[in-house]
Every structure is written in structure tokens, then in C-alpha cells.
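Working notes, beginning with the structure itself.
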Amino acid sequence: MRGLKPLTPAGARRRTEALLLALTVGITALGHASAGLALNGALPVDLAAFTAGMSLLALVAHLGVRRFAAYADPLVLPLALLLTGLGLVLLHRLDHAYVEQFGGDAYAPGQLLWTVVGVAACLLVLALLRDHRRLQRFIYLPMAAALALLAAPAFSPADTYGAKRWIVVGGMSVQPGEFVKIMIAVFFAGYLVVHREALALTGRRFLGMRLPPMRRLGPIATVWILSLLVLVFERDLGTSLIFFGVFVVMLYVATERTGWIVCGLVMAAGGAFAVGSTEPHVKARVAAWLDPLSYYREQPPPGVTSDQAAQALFGFGSGGMSGTGLGRGHPELIKFAGRSDFILTTVGEELGLAGVMAVLLLYALLVQRGLRMALGARDPFGKLLAVGLSAALALQVFVVAGGVTGLIPLTGKALPFLAKGGSSLLANWIMVALLLRISDGAERQREAGRRRPAAAAARPAYARPPGPGGAGPLTQRASGARRGRGAGGAGREEQHEPAARHEQPARPGGPG
């Protein structure tokens, strides 16, 4: 149609994002209405307010990304908001069951407030951090803060359900491990950019693989020892696995040496076996993992004091393929952890295997977009940072989903975006901001590279830069013509004759 200009690459991306955000708001509103109909037989009284709040949140986030990161990936923000919205729907549904069964306070209003704070933090990071490469100048500062945050729970009196993950700040409980995963990704990215040549050296061959030399095992040994200290003194299996796993993944991507993966797996397995055989809390979780039904015996194994693992399997089994329906299950049987890591059990029971696979695919798509950003980034720091953030998200989803489904022992970590917890939600939205910034920078550089050849090809000949002789061909022709007229010599036809016509062929021999 006349008068309509084609969309720019940035405009096309933001239009796609706006359409997906509208779909996100519709899905979350439909889920909230469905849960209300199942629980009370009528639409929720706050359905209009919930829909308006999600719409306003999506609009503000979209306008902020359009203003500060116009070239960013169009799927990251809708995926993050969809997972957050589904978490709000599930928490509202779980509040109804838990308050009715056990009393206490509802968590959904507080989670909605933390969602607003998380989105605001995401936009603030995009507004202040205009280039992700600035983080490379301060890599040791995040690592120092990460070490301090990792050690803080060990000295805190807050000990919840056997693990030390929280610190109390101003009357609020904060989980430092959620922010540590971002800080260590920043540090490891900057460290590996500088030292990847030395770490890429190989040693002896073993089983067809080149293992790293012993003198280069210092960094991975240091990180391994730190992760073991977290596991021993804080009994936090999830943070320990994520901390060590992110470093091994980033080390492999930086050096492309399979030997680092082998060393990391061997060290992780050895450390987990040693700590799991001696530390009582970790040992009890391993026992519950090996035999979830042991709680129902007359004499359960030492440390097995909850039937959560068994109830989670019962919930997945009763859900079947399509689930019992949102609001028609019994997630309160999980007891205290049903709104944190065991929130995936509610998905499996009420939405079935189809719902669990849909949620896991949303996480997988978000991780895939992060890895795609790593491939598109032009700078090594941006590549490694995108890989580290994506690996942290993937590992956290794995340890939570694997623990709930019985694949690995329970870790107690919160499922990103879905589970309750302000620390987890805020940290994950900051991670989204960094991924958006990396994507925006990569696409801007790619678009600038596309425009240069097109601009040079479309430039008129008289506007092109002069050649090696100092002037362009038309300038030389015009100046030659002016010189001819000024000398009073050749006419119009002679001015345009090629110069080669007046040149005499060189003699093969010299004079004489």
C-alpha cells in the first residue's frame, strides 16, 4: 500500500514482541479464570484487576525495551513474562488450598509486588547499562561480592528445613545464592577471556581425549573446593551444583576441550559422594531419593522426616497425560514446599504431562534464545556471558525438576519465575535484562555491518571517496577538460578522447 513504509529490523522485532505479549496476557488471564471457576464455581472477583495489571506490566516492559534495547530478541521478554504470569496463577490457586487447609497468609499478592519490582529492575539495568562490555572492567568486584554472599548464610542463624540459604536483612529473608549465579557468570566470562589461551593447552591423552595438564587445574580445583565448602557448611546442594556446573560449561565453551568436561564430572561425582556419605542432611536427601516410600515404614531411615518425594510422585501419577484440571487437584498434600520447588508437582497433577512438557519447553526456548545470543555476539565476553547466564538457568531448572521427579536428590532450589520468592524473581529478571542487552548489542553490530556495503553500493559515483590518485574518475575528467579549454587547444570532441590515443609506444631498446 502507498504511504506505508516497510518496518525496520528493530520495528519488526518489537512488533513481534508486542503480539507475543498480548498472547501472554490472554493465556494468564484464561488460566486465572479457569482456576477460579474450578475452585469457587464463578469467575474470580479480581479477574479484571489481574488482567489489567498484567496488561500494564507487559506494556511498560515493552515500551522500556523499545526505548533502551530496540534490537533485542523479541522472544525473551514474552517468555519471561509468561512464566511469571503462570507462576502468579499457580500461587493464587495454591493460596486457596493452603489457607483453607493450614491457615496462614497468601503469597500471591506479595509475588505480584515482587514481579513489579523485578520488571522495574530489568528496565533499570537496560537504562543504565548501555553496553554489556562495561562489565568486563569490573570482573573482580562481582566475584568478591559473590564470595561474600556465598559465605553469608553460613554465619546467619536462619536455618530453614536443614539448609542454610537465607540471610535476614531489614526483617526480610534474602536468598543470596540467586544473585551469586549472575555474579559468577560475569566473573567467569571476564576471567576466561583473558586466560583461555593458557587453559586451552592439552596434556596427555587418555581414552581418546586430551586431558588438561596438571598445572592448569588450579582454577577448576579452586571452584570445586568452594562448591564443596558451600555444600558442607551450608548444606545447599543446589547452589553448589549450579556454581560448579556453570564454571565447567563456560570453561568448555572458552577452550573447546572435552577434557575439562571429564575432569569436572569426575570432581563433581567424587565431591558429591564424599559429602553425601558424611553430611547428615545431604545423606538424608540421598536416602529419600533412593527410596521415596521409605517414610511410610515403621522405622524410616535416619533423617527421612517428610513424605514430600513420595507425594510428588503420587501427584504426577494422578495427573496422567492431561491432568485433573486447574484447581481440581490436591497440591496441599506436599505441605510446606508446595509453593517453592514442588510447584512443578501442581503443574503435573492438574495440567498433566502435557502441562509439564509445555513449561519445560518454555524454559528450553528461553535457554535456546540465550545460546543464540552467544552465537550472534561479536565480542568474546558477550559470548561467554550469554552462555554462562543460559547455563545457570538451565542447571537450576534441571536440579529442581530433576529433584521433584526423582531423577536426582532434592536440592531445595526455587523453580525460576514460577515459585514464590522475591530473591529468585528479582535475580531472574536481572538475568533477563543482561540477555536483552547482549542481544541488542549483537543485532546492532550486525545491522551496522549490513548497512555499510549497501550504503557504499548505493552512493553515486561523484560522491564516492577519491581513489589512490587523490581524485575520482569524474573529477579527473572534468579537470582535464578545464585544462584543455584553458590552453586554447582541443575542441569539445578532443576533450573526451582517451589519454591512451596520445601516448607513444615505448621503444624496446634505449636511446642510441
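Numbers here are sequence positions counted from 1.
Within the 4.5 Å cutoff, no side-chain heavy atoms of Leu20 are placed close to those of Leu81. You'll find the side chain of Leu425 reaches within 4.5 Å of the side chain of Thr115, heavy atoms only. Considering only heavy atoms from C-beta on, Ile438 stays 4.5 Å or farther from Lys383 through its side chain. Between Pro416 and Tyr363 the shortest side-chain heavy-atom distance falls below 4.5 Å. Leu326 places a side-chain heavy atom less than 4.5 Å from the side chain of Leu90. Counting only heavy atoms from C-beta outward, the side chains of Leu333 and His330 approach each other to under 4.5 Å. Counting heavy atoms from C-beta outward, Phe243 and Leu150 have side chains that approach closer than 4.5 Å. Taking the side chain as every heavy atom from C-beta outward, Phe188 and Leu384 never approach each other to under 4.5 Å.
Residues meeting the side-chain hydrogen bond (donor to acceptor under 3.5 Å, both in side chains) test with Arg134, sequence neighbours left out: none.
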Handout entry: Test log, rule side chain to side chain donor-acceptor pair (under 3.5 Å), inputs His62 and Glu17
Key = CA-CA 8 Å; His62 171 71; Glu17 181 184 82; 2.8 Å; yes
Problem - Trace of the side chain to side chain contact (heavy atoms under 4.5 Å, CB included) decision for Leu366 with Phe417 - result: CA-CA 12 Å; Leu366 189 55; Phe417 298 105; 4.0 Å; yes
Practice task
Evaluate salt bridge (charged side-chain N to carboxylate O under 4.0 Å, His left out) for Glu350 paired with Arg93, printing each intermediate quantity in order.
Solution key: CA-CA 11 Å; Glu350 299 189 348; Arg93 179 264 173 276; 2.6 Å; yes
Practice task
For Leu362 and Leu86, run side chain to side chain contact (heavy atoms under 4.5 Å, CB included): C-alpha distance rounded to whole Å, both residues' side-chain angles, the deciding distance at 0.1 Å, then the answer.
Solution key: CA-CA 11 Å; Leu362 290 177; Leu86 292 177; 4.2 Å; yes
Handout entry: From CA spacing to verdict: side chain to side chain contact (heavy atoms under 4.5 Å, CB included), Asp341, Leu415
Key = CA-CA 5 Å; Asp341 49 341; Leu415 192 61; 5.8 Å; no
Handout entry: CA sep, side-chain torsions, deciding dist, call: Leu135, Leu434, side chain to side chain contact (heavy atoms under 4.5 Å, CB included)
Key = CA-CA 10 Å; Leu135 297 174; Leu434 293 178; 4.1 Å; yes
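Side chain of Arg285 to main chain of Leu410: a donor-acceptor pair is present (N/O by atom type, distance under 3.5 Å, no hydrogens or angles). Of the possible donor and acceptor atoms, none in the side chain of Asp440 sits under 3.5 Å from a partner among the backbone N and O of Leu436. Counting only distance, with no hydrogens or angles, the side chain of Asp73 and the backbone of Leu75 share a donor-acceptor pair below 3.5 Å. Of the possible polar contacts, one joining the Trp289 side chain to the Gly406 backbone as a donor-acceptor pair under 3.5 Å is found. Checking side-chain atoms of Gln111 against main-chain N and O of Gly87 turns up no donor-acceptor pair under 3.5 Å. Side chain of Ser423 to main chain of Gln175: a donor-acceptor pair is present (N/O by atom type, distance under 3.5 Å, no hydrogens or angles). Here the side chain of Arg437 pairs a donor or acceptor atom with the backbone of Phe68 at under 3.5 angstrom. Formation of a donor-acceptor pair under 3.5 Å by the Thr51 side chain with backbone atoms of Ala48 is not found in this model. Looking only at distances, no side-chain donor or acceptor of Glu332 sits under 3.5 Å from a matching main-chain atom of Leu94. A distance-only check finds no donor-acceptor pair linking the side chain of Lys420 to the backbone of Arg339 [under 3.5 Å].
A distance of 8.0 Å separates CG in Leu351 from OG1 in Thr324, rounded to the nearest 0.5 Å. Taken from OG1 in Thr84 to CH2 in Trp114, the straight-line distance is 14.0 Å, to the nearest 0.5 Å. If you take CG on Leu82 and CG on Leu23, they are separated by 7.5 Å, rounding to the nearest 0.5 Å. If you take CG on Leu395 and OG1 on Thr411, they are separated by 11.0 Å, rounding to the nearest 0.5 Å. For the atom pair CZ (Phe179) and CD1 (Ile184), the distance works out to 14.0 Å, reported to the nearest 0.5 Å. Rounded to the nearest 0.5 angstrom, Leu21 CG and Leu77 CG are separated by 5.0 Å.
With a 6.0 Å radius and a threshold of 12 heavy atoms from other residues, nucleotides or ligands, Arg369 has its CZ atom above the threshold. Within 6.0 Å of the OH atom in Tyr107, the count of heavy atoms belonging to other residues, nucleotides or ligands does not exceed 12. For Lys335, the NZ atom is densely surrounded, since the number of other residues' heavy atoms within 6.0 Å is greater than 12.
Within the structure, ring pair (Phe, Tyr, Trp, His ring centres under 6.0 Å) contacts touching residues 76-95 (residues at least two apart or in different chains) are His32-His92.
Residues Ala433 and Leu126 share a closest heavy-atom pair of O-CD2, 3.5 Å. Considering all non-hydrogen atoms of both residues, Tyr296 and Ala310 come closest at CE1-CB, 3.7 Å. Among all heavy-atom pairs drawn from Thr345 and Gly315, the shortest one is CG2-CA, 4.4 Å. When all heavy atoms of Thr346 and Pro331 are compared, the pair lying nearest together is OG1-CB, 3.3 Å. Here the shortest heavy-atom pairing between Val387 and Ala374 reads CG2-CB, 3.5 Å. Looking at every heavy atom in both residues, His132 comes nearest to Gly382 through NE2-CA, 3.6 Å.
The closest side-chain donor-acceptor pair between Gln396 and Lys181 falls under 3.5 angstrom. With 3.5 Å as the limit, one finds a donor-acceptor pair spanning the side chains of Lys413 and Thr239.
When the options Val347, Leu353, Val404 are evaluated for a side chain to side chain contact (heavy atoms under 4.5 Å, CB included) with Phe316, the one that passes is Val404.
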